[in-house]
Amino acid sequence: MVEIKKFKFTLQALYNYKLTVEKLQKAELRRAQQALQELLDEEQRLLKAWADNERSLEEALKKGENVGEALIEHDSYFRYLRDALIEVRKKIVKAEEVVRRCQERLILTMKEIKTYLKLRDEQYQDWMKEVQAEEAKEMDDLVSFNVIKEEVRV
């Protein structure tokens with residue numbers, strides 16, 4: 001009886017490596033997305049502070065008490081918020097770029113993994129054809145042996 005060899009994907013080590021790379025890239029993407037989200041939250045916090053400062057200034061102006069002082073105080077806070085928003089928005093642009101690059105690298109890795117899976121499937125199909133051919137040959141040999149054995153008996 002012929003022993004059938006076990007299927008072995010020739011690029012298994014590389015496939016396993018790419019799976020590890022994919023896992024690391026997904027973690028990197030999550031970190032980049034989290035950093036971006038924190039910056040977006042900071043931008044929202046600053047925008048809320050801006051709106052709150054506007055309301056506070058309007059209330060101070062309605063009361064009419066120390067209008068000059070209120071304008072100076074609120075104006076300096078507006079300048080601080082404007083500068084902070086400019087900086088946060090610069091960081092957001094950079095963080096979005098990092099997220100985009102992470103996504104691109106991950107997509108490439110996932111495409112490579114898909115290619116390896118296709119190659120593995122092709123190799124498996126070839127292996128199955130070989131196994132079936134070996135089994136068919138073995139069956140033919142067995143049938144031939146039985147026919148010869150019957151002819152010898154007769």
Side-chain angles (χ1 to χ4, degrees), residues 1-140:
M1 184 164 215
V2 176
E3 187 175 319
I4 299 172
K5 63 183 178 180
K6 184 178 175 186
F7 173 72
K8 182 162 174 57
F9 179 47
T10 56
L11 299 173
Q12 188 66 44
L14 192 53
Y15 173 71
N16 291 343
Y17 169 74
K18 285 298 177 179
L19 288 176
T20 302
V21 169
E22 178 189 33
K23 185 179 178 181
L24 293 172
Q25 287 175 340
K26 283 181 177 180
E28 181 182 5
L29 177 59
R30 280 191 299 276
R31 285 190 302 273
Q33 288 171 329
Q34 182 180 2
L36 174 59
Q37 187 58 52
E38 289 171 3
L39 289 168
L40 292 171
D41 292 345
E42 176 66 12
E43 180 186 38
Q44 288 305 309
R45 188 190 66 73
L46 290 169
L47 289 171
K48 183 183 179 312
W50 184 282
D52 291 346
N53 196 41
E54 283 179 333
R55 278 191 295 281
S56 175
L57 178 59
E58 287 172 7
E59 289 173 12
L61 292 175
K62 284 180 185 176
K63 290 179 183 176
E65 302 171 2
N66 295 327
V67 173
E69 188 178 310
L71 285 172
I72 291 171
E73 181 182 316
H74 285 82
D75 185 54
S76 64
Y77 191 48
F78 276 127
R79 276 188 261 136
Y80 162 77
L81 290 173
R82 183 196 65 220
D83 292 344
L85 277 166
I86 289 169
E87 287 303 310
V88 164
R89 287 179 176 154
K90 286 179 185 176
K91 290 177 183 178
I92 287 172
V93 169
K94 290 178 183 177
E96 288 172 337
E97 179 63 23
V98 169
V99 167
R100 187 189 61 74
R101 283 194 314 264
C102 287
Q103 289 171 333
E104 287 175 355
R105 284 193 304 271
L106 180 59
I107 288 169
L108 285 174
T109 299
M110 292 174 86
K111 285 180 180 178
E112 289 177 26
I113 288 171
K114 189 174 182 179
T115 301
Y116 290 128
L117 288 173
K118 286 181 182 179
L119 288 172
R120 183 175 71 182
D121 287 344
E122 288 174 12
Q123 281 186 7
Y124 181 76
Q125 293 302 321
D126 291 344
W127 176 80
M128 280 301 295
K129 288 176 186 174
E130 286 178 30
V131 168
Q132 290 170 347
E134 287 176 16
E135 287 176 352
K137 184 181 182 307
E138 193 172 309
M139 286 302 259
D140 288 345

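Nearest heavy-atom pair across Thr109 and Gln25 is OG1-OE1, 2.6 Å. Heavy-atom minimum distance, Phe9 versus Tyr15: CE2-CB, 4.1 Å. Contact detail for Lys91 and Leu39: the closest heavy-atom pair is O-CD1, 3.5 Å. The two residues Cys102 and Leu29 make their nearest non-hydrogen contact at CB-CD1, 3.8 Å. Across Glu22 and Met110, no two heavy atoms sit closer than the pair OE2-CG, 3.4 Å.
If you take CG on Leu81 and CD1 on Ile86, they are separated by 11.0 Å, rounding to the nearest 0.5 Å. Atom CG of residue Leu19 and atom CG of residue Leu14 lie 10.0 Å apart, to the nearest 0.5 angstrom. With values rounded to the nearest 0.5 angstrom, Phe7 atom CZ is found 10.5 Å from Met128 atom CE. To the nearest 0.5 Å, atom CG of residue Leu85 and atom CG of residue Leu47 are 5.0 Å apart. The distance from the CZ atom of Arg120 to the CD atom of Gln12 is 6.0 Å, given to the nearest 0.5 Å. Atom CG of Leu57 sits about 12.5 Å away from atom CG of Asp52, to the nearest 0.5 Å.
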(request) Start with the C-alpha distance between Phe78 and Glu54, add both sets of side-chain angles, then the distance that settles side chain to side chain contact (heavy atoms under 4.5 Å, CB included), and finish with yes or no. (result) CA-CA 9 Å; Phe78 276 127; Glu54 283 179 333; 3.5 Å; yes
(message) Evaluate Glu87 against Lys90 for salt bridge (Lys or Arg N to Asp or Glu O under 4.0 Å), listing each step before the verdict.
(response) CA-CA 5 Å; Glu87 287 303 310; Lys90 286 179 185 176; 3.6 Å; yes
(request) Evaluate side chain to side chain contact (heavy atoms under 4.5 Å, CB included) for Arg101 paired with Val98, printing each intermediate quantity in order. (result) CA-CA 5 Å; Arg101 283 194 314 264; Val98 169; 3.6 Å; yes
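The number of heavy atoms from other shown groups lying within 6.0 Å of NZ (Lys18) is above 12. Environment of CD in Glu104: crowded, with over 12 heavy atoms of neighbouring residues, nucleotides or ligands closer than 6.0 Å. Heavy-atom contacts from other residues, nucleotides or ligands closer than 6.0 Å to OH of Tyr80 number 12 or fewer.
Two residues are said to be in side-chain contact when any heavy atoms from C-beta on lie closer than 4.5 Å; Arg82 and Trp50 meet this criterion. When side chains are defined from C-beta on, Gln33 counts as touching Gln103, because their heavy atoms get closer than 4.5 Å. At least one side-chain heavy atom of Glu42 sits less than 4.5 Å from a side-chain heavy atom of Leu46. Residues Arg105 and Leu108 form no side-chain contact, since every pair of their non-hydrogen atoms from C-beta on lies 4.5 Å or further apart. Residues Glu58 and Leu61 are not in side-chain contact: their nearest non-hydrogen atoms beyond the backbone lie 4.5 Å or more apart.
The pair Asp121-Lys118 fails the salt-bridge criterion, with no side-chain N (NZ, NE, NH1 or NH2) lying under 4.0 Å from an Asp/Glu carboxylate O. Electrostatic pairing of Arg100 and Glu97 counts as a salt bridge here, judged by a charged N lying under 4.0 Å from a carboxylate O. Ionic pairing of Arg79 and Asp83 is not present here: no N-O contact between side-chain nitrogen and carboxylate oxygen is shorter than 4.0 angstrom.
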